[in-house]
Protein chains: 2
Amino acid sequence: MNKDIEKEYLEKAEIFKALAHPTRLFIIHTVKDKKLSVKELSELVGIDISTMSKHLDILKKHKIIKGEKVKNFIYYHLEIPCILDFMSCANKVINKK
Amino acid sequence: MNKDIEKEYLEKAEIFKALAHPTRLFIIHTVKDKKLSVKELSELVGIDISTMSKHLDILKKHKIIKGEKVKNFIYYHLEIPCILDFMSCANKVINKK
DNA sequence: TTTGTATTTGGCGAAATTACAAAATAGACT
DNA sequence: AGTCTATTTTGTAATTTCGCCAAATACAAA
């Protein structure tokens, strides 16, 4: 495979990897219309705060979500809404089984 | 998190996982308009046939691609074209950086 | 400056992913 | 049946991912 093409698919695969975790999908759905802090999100999911912080970091690095600091808290919200369109296709895949 | 919701996100994450590999993204793009065998695909990418077979199996299990047997060969083609729509959003994510 | 709360980072073990090589299957063709 | 080719399965090693805990930071408020 061509080197440039290979790099392109590698880059795209990184994005899918960022989405390929139930907690991170939950985050995306949850912060699409509310802004929530790390602590609030970790309590909603029921995992350690440090684990949640790492999940958020992965989404942040890909600029899928963005955090804004308000007082002591960092409130996260969705930056790339088109990601939600993925889900309707994902549902088609699920319903195929 | 609610058990049903948890299961839903787990199921969706499985699909993203299936897509989260450069070789599998290459497969999807390549079999969207041509039908190719395992051997042909492995040669195009430059990986072992057994490795390619496993990648195809992952996509097959999710019914993202489908194989049809013709003589000695199994030709694969894309079953869920809406997956391609994912890519335009993925490009938006990439261009954000 | 000290306290208290929110978030991030580092370490570690368990589990999952990936690749190749070798062996096992499947089936077309003689 | 026997051969040849395509595909799948098994075994194994290297790498990555994930979750918790503990320690480190960040910073608002007292």
Side-chain angles (χ1 to χ4, degrees), chain A residues 1 3 6-7 9-28 30-31 34-77, chain B residues 1 3 6-7 9-28 30-31 34-77:
Chain A
M1 185 168 23
K3 275 286 167 199
E6 192 175 333
K7 194 176 173 185
Y9 286 119
L10 209 85
E11 215 169 0
K12 276 188 184 155
E14 285 304 309
I15 296 165
F16 284 105
K17 265 197 243 176
L19 300 172
H21 192 286
T23 297
R24 295 196 288 270
L25 292 181
F26 172 84
I27 293 168
I28 288 170
T30 307
V31 303
K34 331 187 236 297
K35 296 181 178 188
L36 291 163
S37 71
V38 184
K39 191 162 179 280
E40 289 169 324
L41 284 164
S42 75
E43 282 162 0
L44 276 176
V45 178
I47 59 173
D48 199 272
I49 301 182
S50 68
T51 305
M52 177 55 78
S53 176
K54 280 173 189 168
H55 283 304
L56 289 166
D57 189 52
I58 290 168
L59 295 174
K60 218 183 337 181
K61 273 183 182 145
H62 289 279
K63 303 205 190 286
I64 294 168
I65 61 171
K66 195 175 173 183
E68 44 177 320
K69 189 137 197 172
V70 179
K71 287 211 173 188
N72 244 358
F73 303 86
I74 299 177
Y75 290 102
Y76 284 97
H77 60 91
Chain B
M1 183 168 25
K3 275 287 169 199
E6 192 175 333
K7 194 176 174 184
Y9 287 118
L10 209 85
E11 216 170 358
K12 277 188 184 153
E14 285 305 310
I15 297 166
F16 284 104
K17 264 196 243 177
L19 301 172
H21 192 286
T23 297
R24 295 197 288 272
L25 292 181
F26 173 84
I27 293 168
I28 288 170
T30 306
V31 303
K34 332 188 236 295
K35 297 181 177 186
L36 292 163
S37 70
V38 184
K39 191 164 179 281
E40 289 169 322
L41 283 164
S42 74
E43 283 163 0
L44 276 177
V45 179
I47 58 172
D48 199 272
I49 300 183
S50 68
T51 305
M52 178 55 79
S53 176
K54 278 178 191 163
H55 283 304
L56 289 165
D57 188 53
I58 289 167
L59 294 174
K60 218 183 339 182
K61 274 182 181 145
H62 289 280
K63 303 205 190 285
I64 294 168
I65 61 171
K66 195 176 173 183
E68 44 177 321
K69 189 136 195 173
V70 179
K71 289 211 170 188
N72 245 357
F73 303 86
I74 299 176
Y75 290 101
Y76 285 96
H77 59 91

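Order of the sequence lines sets the chain letters (A, B, ...), proteins ahead of strands, with each chain counted from 1.
Residues passing the side-chain contact (heavy atoms from CB on, under 4.5 Å) test with B:K66, sequence neighbours excluded: B:H77, B:E79. By the ring-ring contact (aromatic ring centres under 6.0 Å, His included) test, B:F26 is found to be paired with A:Y9, residues two or more places apart in sequence or in another chain being considered. Under the rule for a side-chain contact (heavy atoms from CB on, under 4.5 Å), the partners of B:S37 that lie at least two apart in sequence or sit in another chain are B:K39, B:E40, B:F73, B:Y75. Under the side-chain contact (heavy atoms from CB on, under 4.5 Å) criterion, A:I74 pairs with A:K69, A:Y76, sequence neighbours left out. Every residue meeting the salt bridge (charged side-chain N to carboxylate O under 4.0 Å, His left out) condition with A:K17, not counting sequence neighbours, appears here in chain and number order: A:E14. A search for side-chain contact (heavy atoms from CB on, under 4.5 Å) contacts involving A:H55 returns A:H21, A:T23, A:R24, A:I27, A:I47, A:T51, not counting sequence neighbours.
Pairing each heavy atom of B:L25 with each of A:K12, the nearest pair is CD1-CB, 3.6 Å. Of all the heavy atoms in B:L10 and A:P22, the pair that sits closest is CD1-CG, 3.6 Å. Nearest heavy atom pair, residue A:I49 against residue A:V38, reads CG2-CG1, 3.8 Å. Shortest non-hydrogen contact noted between B:I64 and B:A18 is CD1-CB, 4.3 Å.
Of the residues in residues 49-57 of chain B, B:S50, B:T51, B:K54, B:H55 come within less than 4.0 Å of DNA chain C through at least one heavy atom, sorted by number.
The CD atom of A:E43 sits 16 Å away from the C1' atom of D:dC20 (whole-angstrom rounding). Taking atom CD1 of B:I74 as the reference point, atom P of D:dT5 lies 18 Å away to the nearest angstrom. If you take CD of B:E6 and C1' of D:dG19, they are 14 Å apart, rounded to a whole angstrom. Per the geometry, CD belonging to B:E68 stands 18 Å off P belonging to D:dA6, to the nearest Å. The interatomic distance linking B:I47 (CD1) with D:dT7 (P) rounds to 13 Å, in whole Å. As a whole-Å value, the separation of B:H21 NE2 from D:dT15 C1' is 12 Å. For A:K17 and D:dC18, the NZ to C1' distance is 14 Å, given to the nearest whole Å.
Annotation: salt bridge (charged side-chain N to carboxylate O under 4.0 Å, His left out) contacts involving residues 48-57 of chain A, sequence neighbours excluded, comprise A:D57-A:K61.
Protein chain B touches strand DNA chain C; the 5'-most and 3'-most nucleotides with an atom under 4.0 angstrom of its non-hydrogen atoms are C:dT17 to C:dC29.
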- Note on the structure: Writing each nucleotide of DNA chain C 5' to 3' as (, ), [, ], | or . by Watson-Crick or G-U pairing under 3.5 Å yields ||||||||||||||||||||||||||||||
- Determine, for nucleotides 23-30 of chain D in 5'-to-3' order, which nucleotides have protein heavy atoms under 4.0 Å from the base (write B), from only the sugar-phosphate (write S), or from neither (write -). ----BSS-
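Closest-nucleotide positions on DNA chain C for A:V38 and B:T23 were compared, and the one nearer the 5' end corresponds to A:V38.
From B:K34, atom NZ reaches atom CG of B:L41 across 9.5 Å, with rounding to the nearest 0.5 Å.
Contact of the A:I28 side chain with the A:L19 side chain is registered, since non-hydrogen atoms from C-beta on lie closer than 4.5 Å.
In this structure, B:Y75 reaches neither bases nor backbone, as no heavy-atom distance under 4.0 Å exists between it and the strands shown.
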